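Values in this document were obtained by computation on a predicted structure and should not be read as measured data.
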Amino acid sequence: MTPDLRLAGFTAGLWAAALAALRLSATAGLVLAAAGLVVALLGLIRKPLPGIVIAVALGIGCGAVATAARVSVREAQPLVALVTAGATVEADLVVQDDPQLLPAAAGPPTYLVSVELRAVRPEDAAPVRLSARALVLGTDPGWRDLLPGQHVTASGRLGAPRPGDLRAAVLSVRRPPVPTKKPSRVQRAAGVLRDGLQRACEPLPDGSGGLLPGLVVGDVSRLDPALAEDFRATGMTHLVAVSGTNVAIVLGVVLFVVRRARAGPLLSAVLCAVALAGFVILARPSPSVVRAAAMGAVGLLGLAAGRPRAAVPALAAAASVLLLIDPELAADAGFALSVLATAGLLLLAPRWRDALRRRGWPSGAAEALAVPAAAQVACGPVVAAISATVSLIAVPANLVAVPAIAPATLLGVAAAVLSPVWPAGAEFAAWLAHWPAEWLVLVARAGARVPAGALPWPGGVLGGLLLAVVTVGLLVAAHRPVVRRLTVVVALGAMLGALPVRLLASGWPPPGWLVVVCQVGQGDAVVLPGGPAGAVVVDAGPEPDPVDRCLRRLAVTRVAVLAISHYHADHIGGIDGVFRGRDVAAVIGPDWPEPAGGRARVERAARAAGTVLRLAGPGWSYAAGGLRLDVLGPIDAMRGTNSDPNNNSLILRAVTGGRTVLLPGDAETEQQQDLLDRLGPAALRADVLKVAHHGSALQAPALLDAVDPAVALVSVGPDNDYGHPNASLLARLARDGARVLRTDERGDIAAVVTGTGLAVATSAG
């Protein structure tokens, strides 16, 4: 049997693992484990189909056993009882990975720490000793600097993990951890090197200075979120997650040196093993690093034995062992993508490279094109399922990025190693490394802005399966010259026919738009045109990335006014996304102190951008670029209502393009009725209404009658548990003649002025 057929069962397992990364089934993903373990068995089977069946069957069995072992720990009765009761406990913990700062919200910074739970001591029950994985959500800065391997105790409240998570519990902690045992000297040394690399990168520009630690050791703590989004859009995310590329570069340099010194196979393997262990500790054992290291270790065994390295069995064995040891990796999208990319490089790239050579391509050019193309094809179905897009720019972007990866990685490693003993030398090495890193930044930013660089595709499991079927079908059919030529003709015809349409009439943003309600989940973010490349933004949604993406799609580079309707997290949590790479001239908000954390968050963000939060009320107005914005309310502060922060929201009226837009924030029945009584129906008439409070039932019917909108836009998150929007409210608006659209169904929504009146357009098409 050929190697490709022997690995057929393994490949089937890879796709099962990919589905598991989409949370379909962790056990299904473990098919990969057994499929790799039976590679040798498959070699004895002459027919591929029985081998695949055996691989899948053994995979299910091994996966069930491995997962059951982890579940038995998670569901140990004493711990389950404490988690169900939300008990407050003192816990003995061992830190497993570097603490991660969660995206900013209205409250204090929160650190996510992966730990091993060794013991829990409830307040009114006997201590429970165990060994189980858990997560800590810590709000004290003391969690920030912990190192893997460090032993600590902490007091907090136990909670249940998310469904499908094999961790035993989530511990919410407000107090600092109490160290009880230092991490190992090796981990402390790795922490010193990582910190030294960050210090060496501090003088560098923000782009390359934040990218370089991610490129070298996977530390993305300083990586600009906007730049991270550009890397995702261009299919270059693998560069900021340590993977087999980094391991191959480091081991390649070591092998080059030892071979020049005429070292034998055994000594070469030992030196490479030392370098590999040091690099893994430095980079931390993330799924991609562990996978790459395990594959490298298998290869080193072959080197020590004096045998040629068998890369495909090494990948199979590495993935199999890792999945059996840690079944949670089957539900890790990064692990699935890492293994799939490597499988593509091993199974597809050599054939495509050789085919290009036979057609007269130079060896270097054939290799450079085949490698990113193979990786992209292998990972495409999973990426499409996660992002609901198919990237057209990924292969060329990765192709032009290749020359910069090795020098940036090697110089970055040199900066980390030099940092404890020669800080000036480390800074010089980092300065040298930032030049190839700047090239990667340039490629990512340019690629993300290519029109029609990504095509829409069905998301989720079905979308991934659809692209997988199409991909496999094309790969099989490509062996027939007639089918191959037909496929090329159809693909070129589709591109030549569709690309000009997408370039010249991309559909978003629509011409003549007068207001856009962004899809930011369960929250609000509204954009009004404010001149060339400028806008007025009302609220920022709950998280930075969605509002940033919305503003990018609208090509907004300058914000004339950022108006915060009120200080709830679903309106201010994404404020950093508004400031990303944009000049914000002014920030206004209501003169209401609650929630105090939310207001303080807005004040801090404004100060960091060189401005201040200005309190606004009735009489405040702004006019520029054909837009006039007025604050209508609240006229008087309201107290003792169903929700005082909601009822003290800024109520804004915008006039643009000869049309009126009413933005009532989250104002509820009391404030709406008071505004109507004070100002009268005529002052509230509007063509477009951003429905208050995500379409809640707390609306004043008289206000809706007074506004009488032609278009009613509802900003709401899918599957929220607040009951938003209210079905009766939407039905009433529709009966009164309004066109009602929701962001959870349509994406970003724009009201547009046309020659015949008002129209609507959506980013979802």
Side-chain angles (χ1 to χ4, degrees), residues 513-518 520 523-531 534-541 547 556 559-568 570-572 575 578 584-592 602 613-638 645-668 671-672 674-676 678-695 699-700 703-704 706-709 711-715 749-751:
W513 65 275
L514 60 89
V515 62
V516 169
V517 176
C518 301
V520 292
D524 269 11
V526 181
V527 187
L528 300 160
V536 168
V537 179
V538 181
D539 291 327
V547 66
V556 173
V559 176
V561 178
L562 170 59
I564 300 298
S565 66
H566 63 297
Y567 305 116
H568 275 157
D570 58 336
H571 292 252
I572 62 96
I575 191 169
V578 178
V584 179
V587 182
I588 67 167
D591 187 9
W592 185 255
V602 175
L613 170 64
R614 300 185 183 277
L615 305 180
W620 183 94
S621 66
Y622 167 83
L627 169 72
R628 180 177 176 85
L629 185 69
D630 295 286
V631 175
L632 301 183
I635 298 174
D636 292 316
M638 305 195 84
N646 286 346
N647 278 313
N648 286 286
S649 294
L650 288 185
I651 298 176
L652 303 168
R653 178 181 59 198
V655 179
T656 178
R659 302 287 178 165
T660 303
V661 181
L662 186 65
L663 307 170
D666 275 4
E668 298 179 348
Q671 180 59 253
Q672 293 181 20
D674 182 74
L675 196 70
L676 181 61
R678 300 286 194 97
L679 300 181
L684 300 175
R685 173 74 179 86
D687 300 288
V688 179
L689 171 67
K690 195 287 297 182
V691 180
H693 200 186
H694 321 296
Q699 312 282 337
L703 178 76
L704 298 176
V707 177
D708 190 24
V711 174
L713 306 178
V714 185
S715 180
I749 307 172

Can you check whether [X] reaches [Y] side chain to side chain, under 4.5 Å on heavy atoms?
X      : Y      : value
Trp592 : Leu615 : no
Pro590 : Asn648 : no
Pro681 : Leu676 : yes
Ile564 : Ile588 : no
Val537 : Val584 : no
Leu684 : Leu632 : yes
Leu713 : Val526 : no
Tyr567 : Pro645 : no

Notebook entry, point to check: His571 and His694: ring-ring contact (aromatic ring centres under 6.0 Å, His included), yes or no, with the steps?
Noted result: CA-CA 11 Å; His571 292 252; His694 321 296; 5.6 Å; yes

Using every non-hydrogen atom in the two residues, find where [X] and [Y] come nearest and quote the distance to one decimal.
X      : Y      : answer
Ala616 : Val631 : CB-CG2, 4.3 Å
Asp687 : Arg659 : OD2-CA, 3.4 Å
Gly541 : Ala525 : N-CB, 4.1 Å
Ala540 : Val578 : CB-CG2, 3.8 Å
Leu663 : Val661 : CD2-CG1, 3.8 Å
Gln672 : Ala700 : OE1-N, 2.9 Å

Treating [X] as the side-chain partner and [Y] as the backbone partner, does any N or O pair qualify as donor plus acceptor under 3.5 Å?
X      : Y      : result
Gln699 : Ala692 : yes
Arg628 : Ser621 : no
Arg653 : Ala683 : yes

Next item on the list: Identify, with sequence neighbours excluded, every residue that meets side-chain hydrogen bond (donor to acceptor under 3.5 Å, both in side chains) alongside Arg678.
Entry: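 Expected list: Asp636.
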
Check: How would you list, by chain and number, every residue that makes a side-chain hydrogen bond (donor to acceptor under 3.5 Å, both in side chains) with Asn646, sequence neighbours excluded?
Finding: His566, His568, Ser643, Glu668

Check: Atom CG of Leu629 and atom CG of Leu650: how far apart are they, to the nearest 0.5 Å?
Finding: 9.5 Å

Item checked: Straight-line distance of Ser565 OG to Leu652 CG, nearest 0.5 Å ->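 The OG atom of Ser565 sits 8.0 Å away from the CG atom of Leu652.
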
Margin query: Using side-chain hydrogen bond (donor to acceptor under 3.5 Å, both in side chains), reason through Asp666 and Ser649 one step at a time and then give a plain yes or no.
Written below: CA-CA 6 Å; Asp666 275 4; Ser649 294; 5.7 Å; no

Note to self: Under the criterion side-chain contact (heavy atoms from CB on, under 4.5 Å), I'd like the reasoning laid out for Val602 against Leu562: C-alpha separation, chi angles, the key distance, then a yes or no.
What the structure shows: CA-CA 10 Å; Val602 175; Leu562 170 59; over 6 Å; no

Note to self: Is it true that, when you exclude Arg614 itself, more than 12 heavy atoms of the residues, nucleotides or ligands shown sit nearer than 6.0 Å to its CZ?
What the structure shows: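 For Arg614, atom CZ is not crowded (no more than 12 foreign heavy atoms under 6.0 Å).
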
Check: Out of Ile635, Ile651, Asp674, which residue meets the side-chain contact (heavy atoms from CB on, under 4.5 Å) rule with Leu679?
Finding: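 In the set Ile635, Ile651, Asp674, the residue that makes a side-chain contact (heavy atoms from CB on, under 4.5 Å) with Leu679 is Ile635.
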
Next item on the list: Output all residues satisfying salt bridge (Lys or Arg N to Asp or Glu O under 4.0 Å) with Asp524, sequence neighbours left out; order by chain, then residue number.
Entry: Lys690

